[in-house]
Number of protein chains: 2
Amino acid sequence: MRLTTKGRFAVTAMVDVAMHATQSPVPLTEISTRQGISLSYLEQLFSKLRRGALVKSARGPGGGYRLAKAMDAVTVADIIVAVDEPIDATQCGGKENCHEEQKCLTHDLWVRLNEQIFEFLRSVTLAQLVEQQRAKETRVVELHDPRLSKRPQSESVAA
Amino acid sequence: MRLTTKGRFAVTAMVDVAMHATQSPVPLTEISTRQGISLSYLEQLFSKLRRGALVKSARGPGGGYRLAKAMDAVTVADIIVAVDEPIDATQCGGKENCHEEQKCLTHDLWVRLNEQIFEFLRSVTLAQLVEQQRAKETRVVELHDPRLSKRPQSESVAA
DNA sequence: CCGATAGTTGATCAAATTAGTCGGGAACCG
DNA sequence: CGGTTCCCGACTAATTTGATCAACTATCGG
């Protein structure tokens, strides 16, 4: 479980897909311009996201990406794991080099903390992020038209 | 808030200090051999930890590092922030480039998620990690003495 | 069928970061 | 003193990040 800008880009891009691919797939060029991420980098990220079965692709005109699962079935942890290949902060890396009593402090300690962070990220779904984002956008609209301030807006997209 | 092996090393080293510097300071050479982290790298890390007021140093024979605060006053977030200088995953980086409606998705979305992760890491203290580690070591003893097997193991670290 | 659209793959690359090395000091203790 | 240990800066190799480019395949519209 690493946490860098790479994973953040992936999460951002997934939120973009979740928000815009309701009718038709979203091409990467759209995400690129909307989110300010280079097209080629998005290609790399979505290559991994597709291999991780998080998105489905459609080629040709009108093609693009759409979610492979429902929004509430995709967690932040899923996305980060898909693009950020795992890292082992332990010297022994799962192997059994660490037999000496204290040598395992590194290993066990971090594995536990890692699991806790992972559990947390697994508790945050794409649907929640989208809802938060929609709420934020609604709030901006309210400034111009206060009548539109009653939209919970948590529809679920087909699997 | 980045999350790499660097921060993990720092957390591991801090736990080591917390567990061993009760009487006298712990020299980096000890941590190096115990945790398998290179001495020079530890020097860099502790340079930052000291500047972050997380440890105090003592030179000369019998010197080393010890905690600057109580164990339960130091959080994982403190440690990671001290060694992993902050990063901005947003294109605008706090600036106001992102006025266009959609451009801010990156910014706001990640800031919020980031805060949640940060809050979580801030809820885990060094004292908790030490206690977990001690409990783990105790559990090894239990294998030889099954009577000592009633430890709820202090969970509930969630934010 | 043709050609434009758009995903797919792979090679390549500059810049940044990581993790580690080296060497020289400077303070401290006995 | 003299060794221990922190302190500091420069330097480096390996990796990752973020990005570019090119060739290719599938698909749709006309």
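Just so it is clear, the values below take in all heavy atoms, side chains as well, and ignore hydrogens, waters and symmetry mates. Reminder, nothing fancy here: chain letters follow the sequence lines and each chain counts from 1.
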Review point. dT18(C) C1' sits how many Å from D84(B) CG, rounded?
Key: 10 Å

Study note, to complete from the structure: Considering only heavy side-chain atoms of K6(A), the closest of dT17(D), dG20(C), dT17(C) is dT17(D)

Review point. Would you find a donor on one side and an acceptor on the other, under 3.5 Å apart, between the side chain of D84(B) and the backbone of V81(B)?
Key: no

Check your understanding: Where each residue is assigned the nucleotide of DNA chain C containing its nearest heavy atom, which of R50(A) and G62(A) is assigned the position nearer the 5′ end?
Key -> G62(A)

Check your understanding: With a 3.5 Å cut-off and no angle check, do the side chains of R8(A) and T4(A) form a donor-acceptor pair?
Key -> no

Point to revise | For atom OH of Y65(A) and atom P of dT8(C), their distance in whole Å | key: 4 Å

Study note, to complete from the structure: Sorted by position of nearest nucleotide on DNA chain D, 5' first, the leading residue of G60(A) and Y41(A) is Y41(A)

Review point. Would you say a side-chain N or O of T4(A) is under 4.0 Å from OP1 or OP2 of dT17(D)?
Key: yes

Check your understanding: Should the pair Y65(A) and F46(A) be assigned to parallel (<30°), tilted (30 to 60°) or perpendicular (>60°) ring geometry?
Key -> tilted

Point to revise | Protein-nucleotide distance (L3(A), atom CG; dT16(D), atom C1'), rounded to Å | key: 15 Å

Exercise for review: Using a heavy-atom cut-off of under 4.0 Å over every strand shown, decide if F46(B) touches base, sugar-phosphate, or nothing.
Suggested key: nothing

Practice item. Please work out if L28(B) contacts a base, only the sugar-phosphate, or nothing of the nucleic acid, heavy-atom cut-off 4.0 Å. Key: sugar-phosphate

Revision key, fill the gap. Taken to the nearest whole Å, CZ/R59(A) to C1'/dG3(C) is 17 Å

**Study point:** side-chain N/O S38(B) vs dT21(C) OP1/OP2, d < 4.0 Å
**Key:** yes

Exercise for review: By nearest nucleotide on DNA chain C, pick out whichever of G63(A) and R51(A) is the more 5' one.
Suggested key: G63(A)

Point to revise | Sugar-phosphate only, base, or nothing, as touched by S40(B) at under 4.0 Å among non-hydrogen atoms | key: base

Check your understanding: Is there a side-chain contact between L49(B) and M14(B), using heavy atoms and a 4.5 Å cut-off?
Key -> yes

Check your understanding: Does OP1 or OP2 of dG7(C) have a side-chain N or O of S47(A) closer than 4.0 Å?
Key -> no

Point to revise | Whole-Å distance separating the CG atom of L42(A) from the P atom of dA19(D) | key: 9 Å

Review point. What integer distance in Å separates L49(A):CG from dT9(C):C1'?
Key: 16 Å

Point to revise | OP1 or OP2 of dT8(C) under 4.0 Å from side-chain N/O of S57(A) | key: yes

Practice item. Round to a whole Å and report the spacing from CZ of R8(A) to P of dT17(D). Key: 12 Å

Review point. Whole Å only: how far is the CD atom of E43(A) from the C1' atom of dA6(C)?
Key: 9 Å

Practice item. Select from P27(B) and P61(A) the residue whose nearest nucleotide in DNA chain D is closer to the 5' end of that strand. Key: P27(B)

**Study point:** Lys/Arg-Asp/Glu bridge criterion (N-O < 4.0 Å) met for E131(B), R134(B)
**Key:** no

